[in-house]
There are 2 protein chains.
Amino acid sequence: MAKVTIKDVAREAGVSISTVSNALNDVDVLTPETKSHVLKVAKRLNYVPNLNGKLLKSGKTNMLGFFTTSVKGAYFYILVESMARECERLGYGLNVFVTKDKQVIMSNILGGRVDGLVIYEELKIDEHDIASMEKDKIKAVFLDRVIENETMGSVIFDSYVAGYDAAKYLISLGHKKIAYISGVDTMFDSVQRKEGYLAALREHQLEMDQDYILQGYFEEEASYNAVKSFLRMHHDKVPDAFLAGNDLSAIGCIRALKSEGYRVPEDISVMGFDDIEIAQYFTPPLTTVRNQIARQGMLVIDHLVRMIQRKEQGKLQKLSSEIVVRGSCHIKLNRDDSI
Amino acid sequence: MAKVTIKDVAREAGVSISTVSNALNDVDVLTPETKSHVLKVAKRLNYVPNLNGKLLKSGKTNMLGFFTTSVKGAYFYILVESMARECERLGYGLNVFVTKDKQVIMSNILGGRVDGLVIYEELKIDEHDIASMEKDKIKAVFLDRVIENETMGSVIFDSYVAGYDAAKYLISLGHKKIAYISGVDTMFDSVQRKEGYLAALREHQLEMDQDYILQGYFEEEASYNAVKSFLRMHHDKVPDAFLAGNDLSAIGCIRALKSEGYRVPEDISVMGFDDIEIAQYFTPPLTTVRNQIARQGMLVIDHLVRMIQRKEQGKLQKLSSEIVVRGSCHIKLNRDDSI
DNA sequence: TATTGTGCTGAAAACGTTTTTATGTTATTT
DNA sequence: AAATAACATAAAAACGTTTTCAGCACAATA
């Protein structure tokens, strides 16, 4: 690589290195003629500053990093896209690191390649890592973990409220017997959604039959099987509605219901979470709960930049979600129960 | 940021800077005791090497960059995921830059932050940029642009063959009157698909009515409208099959056909391109042509790494695609035309 | 004319590493 | 026992920048 350095430009222009640097960085101390001459030479030589040298000296990268173990799924591309847009607006570059190797991540974080970072968990950044980041005053925002200290914060979805709102919506349609297709019990969001659902039921004094909690593991197939076997075992207590832990579960559920001869939404309402792309194209189009992913991306970058530039403290932000009404739920007019 | 540097470690361990460096980098020249002592001190101080200093000196980053204007859509996450996996296997980190600012991109590329790069076009990297990259011996692989020189190559999908194969498949089902819903005429892939389709028709001496080429712009709505107005204008020559430029167009097409009273696939076959996630969930499930995206990601990284490590030349690789048979096409038994 | 002030530019230090070369010690050979 | 080889460590140079400070013209002041 026959790189042209600042030295070459200096020699070629017949000035010193510092003069070149000043010209390039708009330090207002040079004669207009000197400056324009230097710039002309730099352009002629196709000079591009070496970032490593630059950063080594200045310590600022104007780069934010997003660290994640995966980018699979619509969640990530919406998130990354919105973060990138916000970064651009604020004059930062965004840098996505996809790796499962914690060592790589930590050395990039602490090695000074980015001014701040966004972290999507799963990779077990433990207390010790957090502590050493805190000690070094690393600015970071977490996406699915609650952290709140001097230099680190979180922007998360309030899944409890989401679950609560969803259940409440089904109740408002007149449903009484609402089953839940649970996700993965080790995931925070999954648990929160279920808790929210349970809270809504409790609040309305609806029966909370243990049989009404199925295990769907956030998967279509597992949910299909769970619903199918439930229907066969419990002819006597078919629910009015199913609230599924995510849209895939809802789809599996609907397929199971159809194959057992039920119509959705005429006979039974089904509601999901996430509003995945498929949701609107499915038959029936899925009523679901949508997280404000793009909003999360925007907020996370804003928060990070404020911590960097204005030395603001880290804080916890919770995002509400919105119900997307489509065609998989139906108003239930139930004469005996009406006022 | 109270950063601990190599100097601090040296002082604390009572040895010189170079000894610390050698210990950390496994240069086999130190007494085991010295080495382990230094490592112990380094760990105790929580020392993490500054990457900028490191890179400045060594010139190697062990990082590959992916430069793109957007990551929206399933294509990107499959691609990025597979690139990341391959990078990990080969001992590189992957770094995704999402920006529309060509300046940022060029300065990162030429500024020495990555050892090599993958470029997704749209951002108009012009001949001048390419030339300066070539001069500096930058290693790069392009994803949707044909480049082949000393240090740069491409891995692209052979859309011409894909279009040809798709049309041929429809012909093999017995269809004679095959309409095409065109995409965006300025996009390379779009044009290639259509050319392939036309070639297949020509080869089988099927009629190539200009009216059979509709404009769908790769959009659902536009395709819906195009098909709808076609059907209303040309009752006399309804096609046996539609080949749509992408799956969204196919979906729009099917909706239009249904709303005009045609059944798919019983009356008319419809085929798409891309195999987007929705395709399998749509009713009817879409028969389509799938690109080997994950394969592309793998190949592109391999190629890049071979250019970097083994000084191989850049080359052009074309990826074939595969037909995914689902439920939107039907065998047409046409008595009058059979042998 | 001698002094001070002003405006540009250049020299040199610094950033945190790696790598090359130098130095000093101990072991080996003659 | 002297010369040499082998080894372990230290010192210094280098990577490409930015930045601080010194220096030099020249004009303005006394």
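All of these numbers come straight from a predicted model, not from anything done at the bench. Letters A, B, ... are given to chains in the order of the sequence lines, protein chains preceding strands, and every chain is numbered from 1.
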How close or far is atom C1' of dT19(D) from atom CG of L56(A), stated in whole angstroms?
13 Å
Heavy atoms under 4.0 Å, any strand shown: does S58(A) hit a base, just sugar-phosphate, or nothing?
nothing
Residue-phosphate contact under 4.0 Å: S21(A) side-chain N/O, dT18(D) OP1/OP2:
yes
Base, sugar-phosphate alone, or nothing: which one does S18(A) contact when heavy atoms must sit under 4.0 Å apart?
base
Given V71(A), V80(A), I78(A), the one that forms side chain to side chain contact (heavy atoms under 4.5 Å, CB included) with V71(B)
V80(A)
Going by the angle between their ring planes, with limits at 30° and 60°, are F76(A) and Y120(A) parallel, tilted or perpendicular?
perpendicular
Rounding to an integer number of Å, can you tell me how far L55(A) CG sits from dA14(C) P?
21 Å
Nearest-nucleotide 5' precedence on DNA chain D, V15(B) against G53(B)
V15(B)
Nearest-nucleotide 5' precedence on DNA chain D, K54(A) against K35(B):
K35(B)
Looking at every strand, decide which applies to N25(A) at a 4.0 Å heavy-atom threshold: base, sugar-phosphate, or nothing.
sugar-phosphate
Sugar-phosphate only, base, or nothing, as touched by L51(A) at under 4.0 Å among non-hydrogen atoms
nothing
When you check the phosphate oxygens OP1 and OP2 of dT9(C), does a side-chain N or O of T34(A) lie under 4.0 Å from one of them?
yes
Taking CZ from R11(B) and C1' from dA10(D), how many angstroms apart are they, rounded to a whole number?
17 Å
Rounded to the Å, how far apart are N50(A) CG and dT17(C) P?
16 Å
Counting distance only, does the side-chain N/O of N52(B) pair as donor-acceptor with the main-chain N or O of G112(A) below 3.5 Å?
yes
